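Here the structure is laid out as structure tokens; the discussion comes afterwards.
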Amino acid sequence: MRWIYFLIVVLACVVVQTTMVHLLWFRTSLGWIGPVFPAALAVFVALYARSGTDAALAGWAVGFALDLALSGGGLGLSALLYATAAAGVYRVRGAFFRDRPLTQMVLVFAFCLFVHELWAARQVIVLPPGGVGYWRPAVQAVAVSAYTAALAPLVCAPLKRIRRLLIAPPSGRDRI
Amino acid sequence: MRLRKPSKKTILAGMMLASLVLMLLPARCSRWMSDAVGPVLAPLGHAGMGVAFHVRQRAGELTGRDGSEQEDERTALMLTMLQERKRQQETIAQLQNWRRQLDDFPCKLIQAGVVGVEGVPLRNRRRLDSGSRDGARPGDLVTTRRLLHPMRVAPPKNLGVLGRNFVVGRIIESGGHTATLQLVTDPAFEMPGRLYRRIEPGKSRSIYVDLPGGGRRREEIRYDPKLPDPQFVDRPVPVLARGDGRGMVVRQVPAEHSIRAGDILTTGPETEALLPFGLTVGKVTRTQPEPEDVHSVTVFVEPLADLAGLRQVYIVLPIARPGK
């Protein structure tokens with residue numbers, strides 16, 4: 001991994017996510033639904049990383065950047081969840097054609113579902129009693145995951161063009 | 001002896017452990033990290049929010065749905081409501097009393113800009129570019145910052161500004177350069193408030209008044225055609241309002257108060273030290289009977305502020321803080 005370039009891309013992705021992406025949000029009876037582009041970035045890196053450790057480290061960096069961009073208690077939760085989910089994507093990527101948009105959508109959906117369901121569960125635990133409960137945020141997390149998955153190919157396409165800038169190509173026997 | 005460079009697995013294990021520790025620590029222990037990146041994120045956030053703001057404006061102009069009609073309606077409602085309050089004898093006496101004691105109301109309004117939105121739409125929070133260096137503290141209320149044509153009768157400066165703006169939330173964290181705004185629609189938001197019952201033209205509202213010797217009396221408040229519209233019952237209903245991710249909800253409101261769509265939610269006791277009346281938060285959209293209590297209803301409130309397009313705000317800072 002070329003970490004300096006990767007961290008610049010992470011910074012850009014998080015800034016875009018916290019400033020412009022809310023234009024794509026829409027309001028439903030569940031609450032606001034919107035895509036989470038850093039998740040697509042983490043999945044993309046996990047699909048092409050040279051090792052599971054690189055994938056997990058990259059996922060951790062993306063999650064931690066998201067944690068720093070806003071606030072509330074639980075700084076570090078997104079980092080843990082992203083690292084774990086990215087490692088999981090790395091483990092299963094052999095079963096998929098990673099250049100296919102459908103693969104990207106399925107994996108991003110599973111990634112987001114894992115991360116956001118656990119994140120929503122944690123929020124419910126820390127909220128004061130008498131709040132919205134767990135089921136509505138859980139269904140909202142499914143909708144967020146689906147929306148992110150639908151737009152994942154749009155995120156992965158430009159990332160594929162700069163893939164060699166982020167991930168050093170394998171050499172010799174590592175070539176696939 | 002040369003130290004060996006740690007392997008990537010060791011680094012990953014260390015970072016995961018650090019994340020776990022940070023997660024378990026109270027927010028104040030890890031707040032400095034988020035605050036440290038504020039000077040980097042704030043200017044980038046300003047630029048990004050500026051782009052988003054202009055895109056939203058252009059999209060509104062192209063589609064003809066720039067919300068100007070809603071804005072006009074809200075403006076008219078607020079101006080009329082402010083004029084109505086001033087006409088009431090008690091409010092005028094309070095205003096005169098305040099004016100004798102102070103040149104203006106005991107609060108300072110700090111301008112702030114929204115530089116970031118929650119990364120995941122499961123929470124309703126914003127990042128502001130004013131922090132503790134500007135005086136912002138957790139618990140401070142935040143309102144919109146809208147400039148309107150001034151009225152002929154000029155109220156005190158802060159009253160005039162606050163009376164024309166809507167509460168959007170509260171500061172929950174404040175670093176040196178930035179602060180986190182929890183919107184009124186955030187599921188963790190909670191606020192004591194007051195519901196003012198609107199009297200529609202040609203109609204009346206019934207209220208129950210407690211008698212000194214015990215018992216209650218039913219009073220009917222009729223619409224007065226001599227006074228401007230809208231009119232409200234002068235005895236608000238104290239409530240506890242919470243965010244629910246979409247809007248606000250008030251539970252366990254006694255059904256006898258007959259809360260209806262169009263009634264107004266304002267802040268409650270926390271602004272009594274600042275203003276003789278509350279700051280406007282939202283409007284009731286519908287009520288629904290409580291499933292487990294036939295004598296209570298759940299009231300759903302829509303914030304009057306445009307939270308999706310929020311860009312500029314005021315942080316209301318009490319001038320004399322407790323203990324100072």
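Lettering of chains follows the sequences in order, A, B, ..., and the numbering in each one begins at 1. Everything numeric in this text was worked out from a predicted model, so none of it was measured.
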query = Are there more than 12 heavy atoms of other residues, nucleotides or ligands under 6.0 Å from atom CZ of A/F26?
reply = yes
message = Under 4.5 Å from any heavy atom of chain A, what part of B/A18 do you find: side chain, backbone, both or neither?
response = neither
query = Tell me, side chain or backbone of B/V115 under 4.5 Å from chain A's heavy atoms, or both, or neither?
reply = backbone
task = Decide yes or no on side-chain contact (heavy atoms from CB on, under 4.5 Å) for A/V142 and A/L113, but give the supporting numbers first.
result = CA-CA 6 Å; A/V142 173; A/L113 202 62; 3.7 Å; yes
request  = Mind ranking A/L57, A/V36, A/T84, A/T148 by heavy-atom pairs under 4.5 Å with chain B and telling me who comes out on top?
outcome  = A/L57
query = Given that the side chain runs from C-beta out, which part of A/L11 has a heavy atom under 4.5 Å from chain B: side chain, backbone, both or neither?
reply = side chain
key: Side chain, backbone, both or neither of A/T28 within contact of chain B (heavy atoms, under 4.5 Å)   = backbone
ask   = Which bit of A/F64 is near chain B, if near means a heavy-atom gap under 4.5 Å: side chain, backbone, both or neither?
value = side chain
ask   = Is it true that B/D140 and B/R170 have a side-chain N and a carboxylate O under 4.0 angstrom from each other?
value = no
key: Greater than 12 external heavy atoms within 6.0 Å of B/R133's CZ   = no
key: Cationic tip of A/R100 above A/F97 ring, under 6.0 Å, 45° of axis   = yes
query = Quick one: of B/G175, B/G309, B/A52, who has the most non-hydrogen atom pairs under 4.5 Å with chain A?
reply = B/A52
key: Side chain A/D67, main chain A/G76, donor-acceptor under 3.5 Å   = yes
